[in-house]
Amino acid sequence: MNRFRKWGWGGQAEHAAQSSMSSSRPLVQNIWVGIDWFYQQDGGFLEAFRDLCHNAKAVGSTLNASKFDVTLYHEQVANGVTQLCLAVEDNGRGFSFEELLGSLMLKPRSAPAGAEAGQLSFYGEGMKTSLVHMMAPKGSFCFGLTMQGEEWTVVMLSRGSDGNAEVVLLPIPRAFVDNPGDGTTNDLLSHVAEEDCKADYQKVLEKMCRQPASTGGISGLNPNSPYNWPIDFVKVFQAMQQRSVIVDKNGGRQDVYNVLSTLYLPEEGQQLHPSGKLVAPPHAPPTHAGPYRLRMSVLGREVTSENHAWHIAVREGARPRPHRKEPSAILTIRASPKVHAQQLVGREQLDIICTAGNQLGRDRFLYPFCLDGRIALVQLASTQHGTPDRSKLNIEPLDNFAQALMRTLATHSLQGYLDAGGDRYLPPAETVAGPSSPTPQQRHQQQAAARHHTPMASALQHRMTAAATGDSHDSSTGLGSEGAAAALNQLHQHPLQNGGVGTRPSAATANGASKRAGTRRHAAVLQFQGTATAGRTAGRRQQDRADVILTSDKEGPESEFEKHLPEAEIVVTTPFHPAYITKDLLKKAHKLKLVLTAGIGSDHVDLQAAADNNLTVAEVTGSNTTSVAEDNVLRIVLLMRNFLPALEQIKEKKWDVPAVAAHAHDMMGMTVGTVGGGAIGLETMKRLRGWEVKRLYFDRKNNEGLDKEGVTLVKDMGELLGQCDAVTICIPLTPATKGMFDKDTIGKMKKGAYLINNARGAIVDKHAVVEALESGQLAGYSGDVWDQQPPPKDHPWSGNPGNLAMTPHVSGTTLEAQQRYQEGIHDMVNAWFDGKPFDEVNYIVREGEIAPQYQ
Ligand SMILES: NC(=O)C1=CN([C@@H]2O[C@H](COP(=O)(O)OP(=O)(O)OC[C@H]3O[C@@H](n4cnc5c(N)ncnc54)[C@H](O)[C@@H]3O)[C@@H](O)[C@H]2O)C=CC1
C-alpha cells in the first residue's frame with residue numbers, strides 16, 4: 001500500500017477525501033480543530049477566513065453531511081491582536097484525521113493577508129498528541145507530527161508562493177519509532193521501504209529538513225527563509241511523549257524559536273537558534289535551581305506535581321458550541337511554556353479546568369479534554385496585559401472567575417475543578433520559605449523595604465496582618481497610639497482658645513450651656529483606643545477651662561465613665577467608645593447637655609432619648625469622610641484581588657499562587673455601587689473614577705455631586721444590587737436601615753458579589769452574611785463595623801471565618817482624620833463655652849429634633 005498521502009488545495013481535496021475514506025486508520029472521534037491566526041490588522045483576512053470556513057463546511061457536507069460541523073469564531077485579544085478560531089466538531093460518528101485535514105485544505109478565495117503567524121492544531125481522542133503547525137505566509141511551509149494511537153505521522157503543510165497549499169502525511173515507520181538511531185532523517189529513511197514511496201519520503205523530508213532555502217520544490221520554499229536544520233527525531237519523540245509538540249517553519253518569524261525550543265527541549269532558559277545553537281531567549285525568565293511546584297486541588301483533594309508551574313488568570317470566553325448538548329464551557333487556556341497540559345487533564349478525575357490568559361498559543365492543548373464534557377476551561381483573556389477598552393472586545397466580558405466557575409458548574413453539572421496556578425517564575429518552595437540567614441538579594445529587599453517603612457505603612461500592615469490572621473480584636477494597634485499622639489500634638493499646637501478662661505466659662509450659651517461661671521466642670525469624656533496615658537496628657541490641655549475626665553474604661557456600673565457621668569455636662573465619645581449612650585445611661589446623666597461624637601455616626605447615642613431630654617447631639621461632619629471613602633476602596637480592591645489570603649500565605653511562609661489567583665479579579669470593567677449617596681458615598685465613588693468601573697448609587701434622594709460625577713442613580717435598591725459586583729454601604733444606622741441587608745436583600749445581590757460595610761454593623765444581618773458567604777451568594781464581606789463593639793467572642797464574624805475580612809472599627813481613624821475631629825471637637829467645645837452655635841451640618845439633635853439623615 002502506498003501510505004504516502006498528498007493533498008492540496010482545490011481539486012486535490014476530493015482525492016484526499018476519497019483516500020481517507022478508504023484509509024485503514026481508525027476514525028477519529030470528537031476531534032477539535034483550532035486554527036489560531038494572529039494578526040495585527042483586519043485587512044481582508046477575516047473575509048478570507050470566512051471563505052475558508054465556508055469551503056471547509058461545504059466539503060465537510062460533501063463528505064458526509066452529518067459528519068462534522070465547522071464554526072468560525074474570532075476574538076480580539078490584547079494588543080490589537082485577533083485570534084481566529086475554527087471549531088470543527090463531529091457529531092459522534094467520527095471521521096479520519098486525513099479526511100478532515102483534506103477537507104480543510106481548501107483554497108480560500110483570497111489568500112490570508114496580514115497573517116502574522118498561525119497554526120492549525122488537531123486534537124482528538126485516540127490521538128495522544130497531534131499537532132500541525134501551519135498557515136505560514138505564502139512561500140513557506142511548516143510541519144508537525146501527529147500521533148494517533150501508536151501511529152506517528154509527519155504532517156507537512158506547505159504554501160507555495162502562489163498561495164496554494166499542499167498537505168503531505170508521512171506515516172513514520174514503527175521500526176523507526178522503536179529504534180530511531182541518531183534520530184536523523186536518514187535514520188528515518190532507512191526504515192522506509194521502497195514500496196512505501198521512499199523517494200517521496202526523501203523528497204518531502206529534504207524539503208522539510210535539508211532543502212536549501214533557495215530551492216523550489218513541491219510548494220516553493222520561502223527563498224529568504226534562514227531556517228534550515230536537521231530534525232532530531234529522538235528529541236522529537238521524547239518531546240512528544242512528554243508534551244505537545246509544535247514544529248514550525250513559517251518563514252522566519254521569531255516565534256519559531258519558541259516552537260523549536262519546545263520541540264527540542266533545550267535546557268531551561270535556552271532556546272534553539274536557527275543556527276542550531278542553544279541560546280538564551282531574548283526574554284529569558286529567571287531560572288531557579290529547585291523544582292517548580294504545581295499544586296492542584298482536585299475535587300477537594302490536593303495533588304502536587306513537581307517541575308510544572310502554571311500561570312493562571314481566568315475568564316470565560318463565550319463561543320459557539322454547535323450541537324453539543326452536554327458540555328461544556330468553551331474555553332481556552334493559558335499555560336506557561338513547558339507545562340505539560342496533558343499530564344494534568346489526563347487525570348481521570350478532573351471535571352473542570354479553570355485557567356487561561358492571553359497566551360493563546362498554549363490553550364489548545366487542552367481542547368480534546370474538553371470535548372467529552374468532563375472538563376470545562378474558563379478563560380479570562382486580557383487579564384495579563386490589560387486591554388484598554390474591554391467593550392471593544394468581541395468576547396463576552398466576564399470578569400468574575402468565581403461567577404464563571406459557578407455558572408459553569410451549574411450549567412454543566414460539573415463536579416469540581418482543577419485549579420492549577422503558579423507561574424514559571426515561581427521560585428521553589430525552599431526559596432520561598434527562606435533560608436535562615438537572608439541572601440544578599442533578600443537583604444537588599446529588606447533594606448529597601450525599611451527605607452519605605454513609614455508608621456502609616458506599619459499601621460496598615462499591622463492591621464492587614466491582623467485582619468489576615470483573623471485577629472480582629474487587636475485594639476492595641478500602633479495606629480491607636482499614633483492617632484492619640486497626633487491628637488495630642490494637635491492639642492499642644494492648638495490649645496483651647498481664650499486661654500486662661502478655664503475657670504471663667506462664657507456667660508452666653510446659645511446652646512443652652514450652663515452659666516456656672518467660675519466653677520470647674522466635668523466637660524469631656526474623651527477616649528482614645530488603648531491610649532490612656534496619651535489621653536491624660538491630652539486632657540491636661542483642657543483643664544484650665546473645665547474638669548476633664550479621660551478614660552478608655554468601657555461602660556458598666558463600675559466604670560470610670562459611669563462614675564463621672566452624673567457630673568458631666570459634655571460627653572465626647574468616638575462612636576461606641578467608651579460607651580453606648582443609652583436611654584438608661586442618660587437617666588443617670590443629670591447634668592448632661594451636650595453629646596459630641598468625635599467622628600461621624602451618632603447612632604450609638606439614643607437619639608430619640610436625647611431629643612426627649614432636650615440634649616444637643618453633634619458630630620464632626622466630614623471629619624473622616626475621606627478616610628472611610630479611601631478605606632471603602634481599599635476593601636473593595638482587597639477583596640477583589642483576594643489580597644488578604646495572599647498576605648496570610650507569606651506570613652505563614654507559604655507560596656501558593658493558584659490558591660490566590662483563582663479568586664483574584666481586576667477591578668476594571670466591574671460594576672460598583674453604593675447604597676447611600678451621601679458624603680462618604682460620593683467620595684468613595686469619586687475615588688473609583690480611575691479604576692474604570694461602572695459606578696451606581698442608590699439613595700432616597702439624588703445627590704447632585706454624584707450626578708455631576710457621572711455616577712448613575714438607580715432608584716430601586718434591588719435593581720442596583722442585581723447589577724453590582726461590589727456594593728458598599730454608606731448609609732447611617734437608623735430604625736429604617738437596621739437589618740436592611742438581611743437574607744432577602746443579600747439574595748438580590750449578584751451571585752458572588754462583594755459587600756463592603758464601613759457604615760454600621762447593625763445595618764446587615766450578621767447571620768445572613770455568614771450564610772451568604774457559605775453559599776457563595778457573597779464572594780466576600782469586609783468592613784470595620786460590628787453590631788456590637790467590641791464584638792463578643794462568640795460573634796459569628798469573630799476570627800474572620802471564610803472570606804470575611806473584618807477589622808476593628810478603624811476605617812475613619814487615620815491620623816489625619818483624628819486630627820480633623822480633634823479640631824472639630826475643640827471648636828465645638830469652645831463654641832459651647834462661648835455660647836456660639838456649631839456648624840449647621842454638625843447638629844444631629846437640636847431642640848428636640850433629630851436630623852433628617854438619622855430619621
Ligand atoms: N466606619 C467608620 O469609621 C465611619 C462610619 N461612618 C458611617 O457612615 C455613615 C454615612 O456617613 P456619611 O456619608 O457621612 O453620611 P451622609 O449623611 O452624608 O449620607 C448618608 C446618606 O444615606 C442616605 N440614607 C439615609 N437613610 C437611607 C435609607 N433608609 N435609604 C436610602 N438612603 C438613605 C441619606 O439620604 C444620605 O444621602 C454614617 O452615618 C456612619 O454611620 C461614618 C464615618 C466613619
Side-chain angles (χ1 to χ4, degrees), residues 463 472 479-480 483 529 573-577 580 597-605 607 617-635 673-687 696-707 711 713-721 727-742 745 756-764 782-787 789 806-818 820-821 824 839-845 850-855:
R463 266 189 288 170
S472 59
L479 188 67
Q529 283 182 0
T573 66
T574 55
F576 311 109
H577 286 285
Y580 286 84
T597 301
I600 306 171
S602 301
D603 49 276
H604 61 295
V605 180
L607 299 179
V617 181
E619 59 190 31
V620 193
T621 301
S623 58
N624 53 10
T625 302
T626 311
S627 323
V628 179
E630 286 181 0
D631 188 279
N632 278 342
V633 175
L634 169 86
R635 283 171 203 268
T674 173
V675 169
I680 295 175
L682 169 62
E683 291 307 315
T684 303
M685 286 294 139
K686 270 189 192 169
R687 275 154 186 77
L696 308 176
Y697 81 100
F698 164 77
D699 202 300
R700 300 185 291 203
K701 54 186 174 48
N702 77 311
N703 175 330
E704 252 181 57
L706 280 162
D707 299 340
V711 185
L713 172 67
V714 181
K715 290 193 172 144
D716 180 81
M717 185 170 80
E719 213 176 283
L720 173 130
L721 297 177
V727 173
T728 171
I729 300 175
C730 298
I731 45 175
L733 175 63
T734 67
T737 64
K738 188 167 183 185
M740 189 189 235
F741 277 74
D742 56 8
T745 307
I756 286 83
N757 179 15
N758 279 331
R760 285 296 177 260
I763 295 171
V764 302
S782 183
D784 73 334
V785 282
W786 307 64
D787 59 342
Q789 293 190 183
M806 295 300 299
T807 55
H809 195 158
V810 291
S811 66
T813 327
T814 58
L815 298 174
E816 292 75 13
Q818 291 180 46
R820 284 190 293 268
Y821 55 71
D839 279 351
E840 202 61 30
V841 286
N842 288 357
Y843 286 105
I844 303 303
V845 175
I850 302 175
Q853 72 267 31
Y854 281 93
Q855 289 174 15

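Since we're looking at a predicted model, the values are computed, not measured. Counting starts at 1 for both ligands and their atoms, following the listed order. Nothing fancy with the numbering, it's 1 onward along the sequence.
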- prompt: side chain to side chain contact (heavy atoms under 4.5 Å, CB included) between Leu720 and Val675: does it pass, once the steps are laid out?
  reply: CA-CA 8 Å; Leu720 173 130; Val675 169; 3.9 Å; yes
- prompt: Does Glu683 reach the main-chain N or O of Thr625 with its side chain, forming a donor-acceptor pair under 3.5 Å?
  reply: no
task: For the residue pair Tyr580 and Gln789, establish whether any side-chain heavy-atom pair is separated by less than 4.5 Å.
output: yes
message: Below the 3.5 angstrom mark, is there an N/O of Thr737, backbone or side chain, next to an N/O of ligand 1?
response: no
message: Give the atom numbers and elements of ligand 1 that come within less than 4.0 Å of a heavy atom of Gly677.
response: 37 (O)
Thr734 near ligand 1 by a heavy-atom separation under 4.0 Å: no
field: Proximal atoms of ligand 1 relative to Pro732 (non-hydrogen, under 4.0 Å)
entry: 20 (C), 22 (O), 25 (C), 39 (O)
- prompt: Between Ser627 and Arg820, does any side-chain donor sit less than 3.5 Å from a side-chain acceptor?
  reply: yes
message: Just by distance, no angles: are the side chains of Thr597 and Ser602 close enough, under 3.5 Å, to form a donor-acceptor pair?
response: yes
- prompt: Closest non-hydrogen protein atom to atom 30 (N) of ligand 1, residue and atom name please, with distance?
  reply: Arg700 CG, 3.3 Å
field: Atoms in ligand 1 with a heavy atom of Gln853 nearer than 4.0 Å
entry: 17 (O)
message: Are Thr621 and Asp839 packed together at the side-chain level, in the sense that at least one heavy-atom pair is separated by less than 4.5 angstrom?
response: no
statement: min-distance protein heavy atom vs atom 13 (O) of ligand 1 -> Ile680 N, 2.8 Å
field: Within-shell test, Ala759 vs ligand 1, heavy atom, strictly < 4.0 Å
entry: yes
query: Any side-chain heavy atom of Pro732 within less than 4.5 Å of one from Asp603?
result: no
query: Does Gly676 reach ligand 1 with a nitrogen or oxygen that is under 3.5 Å from one of the ligand's nitrogen or oxygen atoms?
result: no
- prompt: Is there a side-chain contact between Val727 and Thr674, using heavy atoms and a 4.5 Å cut-off?
  reply: no
- prompt: With a 4.5 Å limit on heavy-atom distance, are the side chains of Met740 and Ile731 in contact?
  reply: yes
Atoms of ligand 1, numbered as shown, that sit under 4.0 Å from any heavy atom of Phe698: 31 (C)
task: Could you check if a side-chain atom of Asp707 sits within less than 4.5 angstrom of a side-chain atom of Tyr697, using non-hydrogen atoms only?
output: yes
- prompt: What protein heavy atom sits nearest atom 10 (C) of ligand 1, and how far away is it?
  reply: Cys730 O, 3.7 Å
query: At what distance is the nearest protein heavy atom to atom 43 (C) of ligand 1, and which residue and atom is it?
result: Asn624 OD1, 3.3 Å
query: Does the N or O separation between His809 and ligand 1 drop below 3.5 Å for any pair?
result: yes
- prompt: Can you name the residues that form a side-chain hydrogen bond (donor to acceptor under 3.5 Å, both in side chains) with Thr745, not counting sequence neighbours?
  reply: Asp742
message: Give the atom numbers and elements of ligand 1 that come within less than 4.0 Å of a heavy atom of Asp784.
response: 1 (N)
task: Could you check atom 44 (C) of ligand 1 against the protein and tell me its nearest heavy-atom contact, residue, atom and distance included?
output: Val628 CG2, 3.2 Å
task: State the atoms of ligand 1, each with its element, that fall below the 4.0 Å cut-off from a heavy-atom position in Tyr854.
output: 39 (O)
field: Residue pair Arg635, Thr807: steps toward the side-chain hydrogen bond (donor to acceptor under 3.5 Å, both in side chains) verdict
entry: CA-CA 11 Å; Arg635 283 171 203 268; Thr807 55; 2.7 Å; yes
query: Is Met740 in polar range of ligand 1, meaning some N or O pair under 3.5 Å apart?
result: no
query: Can you list the ligand 1 atoms lying under 4.0 Å from a non-hydrogen atom of Asn758?
result: 1 (N), 2 (C), 4 (C), 5 (C), 6 (N)
message: Glu630 vs Thr626, test: side chain to side chain contact (heavy atoms under 4.5 Å, CB included). Steps then yes/no.
response: CA-CA 6 Å; Glu630 286 181 0; Thr626 311; 3.8 Å; yes
- prompt: Where is the nearest protein heavy atom to atom 24 (N) of ligand 1: which residue, which atom, and how far?
  reply: Ile731 CG2, 3.6 Å
Asp784 side chain near Met806 side chain, heavy-atom distance below 4.5 Å: no
query: Should Leu682 and Asn703 count as side-chain neighbours, where that means a heavy-atom distance under 4.5 Å?
result: yes
Heteroatom proximity flag, Ser811 to ligand 1, N/O under 3.5 Å: yes
query: Using heavy atoms and a threshold below 4.0 Å, how should the contact between Asn703 and ligand 1 be classified: side chain, backbone, both, or neither?
result: neither
query: Which protein heavy atom lies closest to atom 19 (O) of ligand 1, and at what distance to 0.1 Å?
result: Gly678 CA, 3.1 Å
task: Could you find the nearest protein heavy atom to atom 36 (C) of ligand 1 and give me its residue, atom name and distance?
output: Asp699 OD2, 3.5 Å
message: As a check for students: among Gly601, Gly599, Gly681, Ala679, identify the option with a heavy atom nearest to atom 16 (P) of ligand 1.
response: Ala679
field: Atom indices of ligand 1 within 4.0 angstrom of Gly812 heavy atoms, with elements
entry: 3 (O)
